[in-house]
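For reference, the structure is listed below as structure tokens.
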2 protein chains.
Amino acid sequence: MPERVTLADVARLAGVSKTSASMALADNHRVAENTRVRVRKAATELGYVPHFAASSLRSQRPDSIAVVMPHATQHVFSHPVFIEMLEGITAAANDFDLAVILSTARSESDERSAYSRITRGGRAAGVIVAAASVRDSYPAEIHRMGYPVVVVGRAPGVASIGIDDLGGAEAVTRHLIEVHGTKRIAHVSGPLDHQSSIDKRDGWIAALRGAGLTIDPRLSFEGDYEEVSGARAAAALAPHLEDGDAVFFANDQMATGALGVWRRDGIAIPRIVGYDDHPMSRYTSPPLTTVRADMVRVGEMAVHQLAALIEGERDIAPLVFPTEVIVRESCGCPPHVTD
Amino acid sequence: MPERVTLADVARLAGVSKTSASMALADNHRVAENTRVRVRKAATELGYVPHFAASSLRSQRPDSIAVVMPHATQHVFSHPVFIEMLEGITAAANDFDLAVILSTARSESDERSAYSRITRGGRAAGVIVAAASVRDSYPAEIHRMGYPVVVVGRAPGVASIGIDDLGGAEAVTRHLIEVHGTKRIAHVSGPLDHQSSIDKRDGWIAALRGAGLTIDPRLSFEGDYEEVSGARAAAALAPHLEDGDAVFFANDQMATGALGVWRRDGIAIPRIVGYDDHPMSRYTSPPLTTVRADMVRVGEMAVHQLAALIEGERDIAPLVFPTEVIVRESCGCPPHVTD
DNA sequence: CTGAAAGCGCTTACAG
DNA sequence: CTGAAAGCGCTTACAG
């Protein structure tokens with residue numbers, strides 16, 4: 001391991017005390033401009049990088065944030081959506097000079113210890129919780145302890161970056177009703193202990209109600225966001241689907257799974273719509289009508305909110321990101337030239 | 001922020017010195033069994049979690065590893081493959097009591113500073129580099145500095161977890177030749193500055209050569225692993241494709257993009273095979289014949305190797321993971337019952 | 001505007 | 001087997 005360049009080395013080369021060197025590098029204005037320049041030059045020359053543990057320990061503020069995926073989450077995000085969010089988080093964290101610690105828990109007890117290592121171990125200045133179950137009490141708990149926490153997804157009582165899944169689901173369902181005159185619309189939901197799944201289901205219900213349509217309980221199926229569960233839903237729904245009916249899937253992966261099964265079994269494919277705008281959805285047959293949110297921005301904003309909390313700000317208003325319907329052909333619309 | 005429980009608190013409650021408390025918690029055998037029990041009990045009672053910065057600083061060994069995605073990487077992994085690898089990494093890191101720092105660089109200069117913050121800043125005890133370009137000199141550089149580094153993917157001169165992409169590509173190409181009697185096989189590669197793309201292309205060439213078939217340069221297209229580039233390849237290849245020809249795509253996402261375009265344009269779909277076994281590939285139409293590697297294990301093994309390097313081991317033999325052909329229908333095989 | 005000193009919370013020689 | 005002391009590399013009162 002190469003030997004370490006310390007602040008003392010920088011101070012010596014610049015001909016000042018460690019105090020001045022430290023303050024100069026922090027761009028403290030009590031230090032003469034001239035000194036700051038000299039110190040910066042010395043630091044660059046030596047390739048000085050502050051030892052993070054020393055500064056964390058002394059300042060009592062780690063320069064990291066943690067992203068925790070509760071064990072219940074597993075596959076609540078579709079892969080690309082999760083990666084987009086992570087992209088936004090790492091990019092924004094970079095801007096704030098924060099390192100990102102990724103913590104995924106395999107089990108409940110792992111989770112307990114993961115959380116406490118982060119919060120009690122002083123490892124991160126705050127945490128972003130991605131897709132907690134609504135039954136998960138950790139985020140609220142650590143929030144109450146006064147620890148900075150931001151939840152991605154709608155979460156009452158905690159700083160959060162929500163996504164307007166209710167609006168998105170309602171809009172795409174209404175598209176089916178208003179543009180295509182559909183009277184019966186089935187819904188394949190995600191796991192219903194997650195807020196996003198609940199919101200999408202509620203949006204579907206609101207659209208049906210708003211149009212005076214009835215909700216047939218046989219036309220509702222709880223999936224888990226994985227392709228296979230869409231395939232299972234396809235089989236379960238098939239006997240109850242009549243000509244002209246439609247199905248709203250809570251994500252594109254389940255819609256794709258269903259498409260595969262219906263096609264394999266030679267079943268007529270109903271009008272369908274998905275959710276998330278998975279990169280492949282443009283190329284499925286038919287291309288999927290879907291709903292998208294800007295998850296990169298969601299990740300970025302989560303970091304911004306967390307940074308504000310870390311700075312000591314209180315009462316951060318929860319943000320809700322808009323969603324947008326992407327019309328392609330699976331709903332029954334004609335092909336677009338732009339696609 | 002809740003007030004911190006320190007080692008001194010634990011020592012006091014257990015009625016021993018900080019030295020003994022520290023050693024007891026490290027399970028040092030120079031401490032009496034009886035003392036160890038008392039200290040552990042006190043620690044549990046107080047909910048003690050060691051302050052990571054203090055121990056990192058004192059022991060001069062951070063209890064974290066970093067996963068860095070060079071800026072050139074962006075989308076070199078298909079999303080699910082990347083997530084599987086990350087799953088393996090975080091799970092194994094947990095077992096070793098290591099935190100995982102995720103570092104993604106947006107640009108070359110970001111990358112330089114990201115690397116040096118990690119290595120020179122003492123942030124991580126070692127790094128796992130995921131999918132570096134073959135032109136990327138960082139991994140070799142920090143390796144030379146004596147810093148523990150493991151590369152995922154074949155990489156000469158550095159500890160690495162390779163994947164037998166050459167073998168996988170050759171096997172799936174030979175399937176096309178031997179089972180289906182294909183004489184002309186096109187290839188849509190990934191970006192050719194990445195080892196995995198090079199290996200797959202070489203496997204394709206080896207299979208053709210081995211069967212005495214010629215390589216038509218018009219039947220080769222360099223993509224970037226994204227769906228769109230598969231769509232572009234489909235258009236570029238179409239004029240040169242004759243009845244009975246086949247196409248080997250370097251990943252399933254590009255294959256899916258191509259499928260979408262051919263279908264949209266009413267072009268007869270050739271025999272095709274993909275790579276990576278993307279979860280959706282089972283449900284496309286036709287379901288994709290593809291190649292898979294156990295990326296969760298790859299991620300786990302990367303951590304194991306890195307941990308060994310951190311422990312001071314030298315000369316770790318590079319590991320190469322096998323790949324497996326998954327036969328579905330896109331190659332021309334009949335449907336399987338198991339699918 | 002600058003610097004000497006204290007101390008963050010650990011771990012690790014070292015002495016007994 | 002146990003404990004007093006030193007020190008990792010910073011930052012931050014504090015005094016000048």
Side-chain angles (χ1 to χ4, degrees), chain A residues 1-40 42-43 46-64 97 99 117 119-123 125, chain B residues 1-40 42-43 46-64 97 99 117 119-123 125:
Chain A
M1 220 82 60
E3 60 321 310
R4 164 160 300 294
V5 175
T6 71
L7 186 63
D9 299 322
V10 175
R12 199 174 311 117
L13 181 60
V16 296
S17 69
K18 285 194 299 170
T19 306
S20 295
S22 175
M23 293 186 128
L25 290 174
D27 226 25
N28 188 315
H29 283 271
R30 285 165 39 197
V31 172
E33 171 62 20
N34 178 291
T35 310
R36 272 183 278 165
V37 172
R38 274 210 332 281
V39 171
R40 265 200 300 266
L46 296 174
Y48 171 68
V49 178
H51 190 108
F52 89 108
S55 61
S56 287
L57 177 59
R58 175 58 233 238
S59 69
Q60 295 288 74
R61 178 192 288 182
D63 60 349
S64 312
D97 260 318
R117 266 201 266 173
T119 59
R120 320 198 60 142
R123 210 173 251 303
Chain B
M1 221 80 63
E3 59 323 307
R4 164 160 300 295
V5 175
T6 70
L7 186 63
D9 299 322
V10 175
R12 199 175 311 118
L13 182 60
V16 296
S17 69
K18 285 194 297 171
T19 304
S20 296
S22 176
M23 294 188 125
L25 291 174
D27 225 26
N28 188 314
H29 282 272
R30 282 165 41 197
V31 172
E33 171 61 21
N34 178 291
T35 310
R36 274 183 276 163
V37 172
R38 275 213 328 282
V39 171
R40 265 200 299 267
L46 297 173
Y48 171 68
V49 178
H51 190 108
F52 88 108
S55 59
S56 288
L57 177 58
R58 175 58 232 237
S59 68
Q60 295 289 73
R61 178 191 289 183
D63 59 350
S64 310
D97 259 318
R117 267 201 266 172
T119 58
R120 320 197 58 141
R123 212 172 250 303

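Labels below follow one simple rule: chain letters A, B, ... track the order of the sequence lines, proteins then strands, and each chain is numbered from 1.
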**Report entry** NZ/NE/NH1/NH2 to OD/OE distance under 4.0 Å, A:Asp63 and B:Arg123
**Finding:** yes
Requested in this report: Using the side chain to side chain contact (heavy atoms under 4.5 Å, CB included) rule, pick out the option among B:Asn34, B:Thr35, B:Asp27 that qualifies with B:Val31.
Outcome: B:Thr35
Requested in this report: Using a heavy-atom cut-off of under 4.0 Å over every strand shown, decide if A:Thr35 touches base, sugar-phosphate, or nothing.
Outcome: sugar-phosphate
Query raised in the report: Distance from A:Leu57 atom CG to B:His51 atom NE2, nearest 0.5 Å?
Result: 5.5 Å
Query - Consecutive-pair stems (at least three Watson-Crick or G-U pairs, under 3.5 Å) that include DNA chain D - result: C:1-3 with D:14-16, C:5-12 with D:5-12, C:14-16 with D:1-3
Query raised in the report: Do the side chain of B:Arg38 and the main chain of B:Ala14 share a donor and acceptor less than 3.5 angstrom apart?
Result: yes
Query raised in the report: Going 5' to 3' on DNA chain C, which nucleotide is the first and which the last to come under 4.0 Å of a heavy atom in chain A?
Result: C:dC1 to C:dG9
Requested in this report: Identify, between B:Leu57 and B:Thr19, the residue whose nearest nucleotide on DNA chain C lies closer to the 5' end.
Outcome: B:Leu57
Report task. Identify, between B:Ala54 and B:Glu33, the residue whose nearest nucleotide on DNA chain D lies closer to the 5' end. Result -> B:Glu33
Requested in this report: Mark yes or no for whether B:Ser22, through its side chain, and B:Thr19, through its backbone, hold a donor-acceptor pair below 3.5 Å.
Outcome: no
Query raised in the report: How would you label the contact of A:Tyr48 with the nucleic acid (heavy atoms, under 4.0 Å): base, sugar-phosphate, or nothing?
Result: sugar-phosphate
**Report entry** Pair B:Asp9 + B:Arg4: basic N to acidic O under 4.0 Å
**Finding:** no
Report summary line: Rounding to 0.5 Å, atoms CZ (B:Arg120) and CG (A:Leu46) come to a distance of 9.0 Å
Report task. State which residues pass side-chain hydrogen bond (donor to acceptor under 3.5 Å, both in side chains) with A:Ser59; sequence neighbours excluded, sorted by chain then number. Result -> none
